[in-house]
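Below is one structure, written out as structure tokens; the observations come after it.
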Amino acid sequence: MRHWNMGRVKLEDKCVLGFVAEEEILRQEEAVLLAHKRLHARGEEGLGWVELPLRRDRQQLDEVIRAAEQIRSHSQAFIIIGIGGSYLGARAGIQMLSHSFREVRPSGPAVYFAGHNASSTYMADLLDLLDDREISINVISKSGTTTEPAIAFRILRDYMERRYGKKKAKERIFVTTDGEKGALKKLADEEGYASFVIPDDVGGRYSVLTPVGLLPMAVAGLDVEEIIKGAADAHSRLGSPDLARNDSYRYAVLRYLLYQKGKMVELLVSYEPSLQYFAEWWKQLFGESEGKEGKGIFPASCLYTTDLHSLGQYVQEGRRILFETVIDIEQPRRKMQIPEDNSDRDGLGYLAGKTMDYVNRQALLGTLLAHTDGGVPNLVLKVPQLSPYHCGELFYFFQKACGLSGYLLGVNPFDQPGVEAYKKNMFALLGKPELAPQRRELQARLEELTPQ
């Protein structure tokens with residue numbers, strides 16, 4: 001097996017120390033120690049992800065790899081049905097580690113996603129893709145009753161049973177769900193679908209290193225054993241509460257101190273388009289973990305240099321409520337040289353012979369200086385390269401930081417009570433029988449808000 005661990009993910013904070021003094025960081029040591037003990041306390045709800053990279057179940061991993069090989073052998077398209085943490089980690093890893101235009105250089109079946117929205121147009125368009133391809137699906141849900149994925153699974157299961165027949169469709173449906181209970185678990189047992197377990201002690205947004213993320217990534221041709229190894233090594237390196245040795249905790253402390261100084265929005269910035277969905281995973285991780293009780297940093301993201309031509313003006317000179325965390329990929333996966341042009345009509349002769357990555361790096365450095373000078377603190381996370389190993393390392397780095405960050409804020413980073421509010425209203429408006437009284441009340445309120 002090839003190991004990609006050339007160096008490690010490292011935090012550079014020189015561009016934030018003008019905004020936060022070292023003494024302020026050191027004053028957080030006691031709070032960090034207490035939070036660290038809570039994170040490593042066995043038996044506390046929702047903390048199974050902390051030791052997950054070390055407690056690898058070899059049998060389960062072998063089953064994931066065998067299932068992935070089976071899917072790859074008979075499928076040209078693979079549909080992942082899930083929402084939130086049930087699909088974002090897998091989508092992040094697949095995009096990060098695949099060819100930018102995956103259909104040009106496929107390393108497995110084409111991968112599509114469903115159940116992360118309620119758009120009829122999206123679902124109908126997806127079905128248009130499938131008629132001339134052999135397909136398999138993986139539905140991911142702890143309960144099986146989350147509205148968007150449950151609707152998508154109902155539609156796709158019906159499609160597959162009409163197309164393949166019930167018996168053959170069964171061989172192409174894979175379920176990732178609770179090990180003992182829930183509507184999806186019951187259905188999988190009744191129908192005989194191949195099933196994988198979401199551990200009870202691992203919440204959805206922390207589940208990327210379980211079969212939730214590993215099966216889709218393995219089907220896409222990624223080296224999931226290297227992803228786990230990267231996370232396991234990160235666990236070892238980030239196992240101390242010492243802020244001089246634990247970059248993940250130092251990152252959490254710095255962002256907490258910036259929040260105390262009025263920096264209410266964090267922009268996760270990258271200069272590689274392949275990190276777009278990693279940013280989406282990161283936004284859910286921190287948004288659902290911290291946004292409670294009127295507290296929390298608002299997580300947003302930018303893709304530079306693209307967004308420097310749209311949001312760059314605001315970042316440079318808008319309200320000083322922002323700070324940036326920049327993911328700096330030190331070695332690109334591929335290099336492209338800028339050619340000579342004797343006419344030099346575009347005025348770029350001085351760049352001839354240099355690489356596009358050289359331009360990208362100078363843009364990163366120039367932006368770092370400009371934004372810092374403009375009052376925007378910048379944290380820089382240096383990643384040697386985008387590899388399976390460093391992918392696992394990044395997942396674990398941010399999970400560990402997020403757990404600590406929630407405790408520093410004084411909230412529970414492992415629940416999400418706020419997401420139930422919209423669901424209750426939606427179910428009432430959809431006509432769920434037991435919510436009939438609330439439906440009448442909501443309809444009356446909506447009539448008041450609707451212009452005549």
Side-chain angles (χ1 to χ4, degrees), residues 9 11 13 15-16 19-20 35 46 49 83-89 91-93 95-96 116 203-208 247-304 306-307 310-312 314-315 318-328 371 376-381 383 394-419 422:
V9 171
L11 179 71
D13 55 17
C15 291
V16 80
F19 302 87
V20 175
W49 59 270
I83 197 167
S86 293
Y87 92 105
L88 282 170
R91 192 163 192 175
Q95 185 191 49
M96 181 192 298
H116 57 290
R205 59 188 176 275
Y206 293 86
S207 66
V208 65
D247 280 357
S248 176
Y249 283 3
R250 189 172 177 89
Y251 163 70
V253 167
L254 285 166
R255 63 192 301 278
Y256 171 71
L257 292 172
L258 289 169
Y259 172 69
Q260 300 298 316
K261 295 172 184 288
K263 304 298 183 183
M264 311 296 291
V265 177
E266 179 177 10
L267 293 178
L268 187 72
V269 170
S270 74
Y271 286 72
E272 288 291 343
S274 59
L275 289 172
Q276 176 192 358
Y277 265 93
F278 184 83
E280 296 302 314
W281 172 83
W282 173 88
K283 285 191 282 191
Q284 191 217 0
L285 179 68
F286 280 90
E288 276 197 353
S289 296
E290 289 189 333
K292 295 157 195 171
E293 303 173 24
K295 302 175 183 178
I297 298 166
F298 184 81
S301 62
C302 284
L303 176 61
Y304 292 166
T306 305
D307 288 335
S310 58
L311 297 174
Y314 187 96
V315 177
R319 293 190 66 193
R320 302 297 75 188
I321 58 172
L322 303 170
F323 69 97
E324 294 173 296
T325 296
V326 180
I327 299 181
D328 177 12
H371 287 182
V376 180
N378 268 247
L379 291 156
V380 179
L381 200 60
V383 181
L394 277 170
F395 280 136
Y396 194 82
F397 178 98
F398 281 115
Q399 287 179 336
K400 198 75 183 291
C402 188
L404 182 81
S405 190
Y407 286 149
L408 292 178
L409 278 171
V411 300
N412 179 356
F414 308 114
D415 67 358
Q416 53 278 346
V419 300
Y422 92 88

(message) One pair to check against side chain to side chain contact (heavy atoms under 4.5 Å, CB included): L404 and Y256. What are the steps and the verdict?
(response) CA-CA 10 Å; L404 182 81; Y256 171 71; over 6 Å; no
(message) Applying side chain to side chain contact (heavy atoms under 4.5 Å, CB included) to L394 and F278, what does each step give before you reach the verdict?
(response) CA-CA 9 Å; L394 277 170; F278 184 83; 3.9 Å; yes
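Ring geometry for Y251 against F398 counts as perpendicular: the plane angle is over 60°, on a 0 to 90° scale with 30° as the lower cut.
Taking the side chain as every heavy atom from C-beta outward, F19 and L257 never approach each other to under 4.5 Å. A heavy-atom distance below 4.5 Å is not found between the side chains of K283 and L268. Between C402 and Y206 the shortest side-chain heavy-atom distance falls below 4.5 Å. Residues R255 and T325 form no side-chain contact, since every pair of their non-hydrogen atoms from C-beta on lies 4.5 Å or further apart. Side-chain atoms of V20 and V253, non-hydrogen and from C-beta on, never get closer than 4.5 Å to each other. No side-chain heavy atom of W49 sits under 4.5 Å from any side-chain heavy atom of F395. Side chains of L258 and E266 form no contact here, defined as non-hydrogen atoms less than 4.5 Å apart. In this structure, the side chains of V383 and I327 come closer than 4.5 Å at one or more pairs of heavy atoms.
Side-chain atoms of E324 never come within 3.5 Å of backbone atoms of V376 as a donor-acceptor pair (strictly under, hydrogens ignored). The closest donor-acceptor contact from the side chain of S289 to the backbone of F286 lies at 3.5 Å or more, if one exists at all. When atom types are taken as modelled, the side chain of K295 and the backbone of L409 share a donor-acceptor pair closer than 3.5 angstrom.
For K263, there are no salt bridge (Lys or Arg N to Asp or Glu O under 4.0 Å) partners at least two apart in sequence or on another chain. Not counting sequence neighbours, the partners of D307 by the side-chain contact (heavy atoms from CB on, under 4.5 Å) test are C302, L303, Y304, S310. Scored by the salt bridge (Lys or Arg N to Asp or Glu O under 4.0 Å) test, D328 finds R361, K382 as partners (sequence neighbours excluded). With sequence neighbours excluded, the residues satisfying side-chain contact (heavy atoms from CB on, under 4.5 Å) with Q284 are L88, R205, E288. Every residue was checked against the side chain to side chain donor-acceptor pair (under 3.5 Å) condition with E272, not counting sequence neighbours, and none meets it.
When every heavy atom of A252 is checked against every heavy atom of L408, the shortest pair comes out as O-CD1, 4.2 Å. When all heavy atoms of Y407 and P413 are compared, the pair lying nearest together is CE2-CD, 3.6 Å. The shortest non-hydrogen separation linking L275 to Q95 is C-OE1, 4.0 Å. Nearest heavy-atom pair, G85 versus S207, reported as atom, atom and distance to 0.1 Å: O-OG, 3.6 Å. Between W282 and P299 the shortest heavy-atom distance is CZ3-CB, 3.6 Å. In terms of heavy atoms, A92 sits closest to W281 at CB-CB, 4.2 Å.
At a cut-off of 3.5 Å, with distance as the only test, no side-chain donor of Y396 or S248 sits close to an acceptor on the other residue.
For the atom pair L254 CG and Y249 OH, the distance stands at 15.0 Å (nearest 0.5 Å). A distance of 11.5 Å separates CG of L267 from CD1 of I297, quoted to the nearest 0.5 Å. Considering OG of S86 and NE2 of H116, their distance stands at 12.5 Å, rounded to 0.5 Å.
Counting only residues at least two apart or in different chains, salt bridge (Lys or Arg N to Asp or Glu O under 4.0 Å) contacts with residues 409-418 comprise K292-D415.
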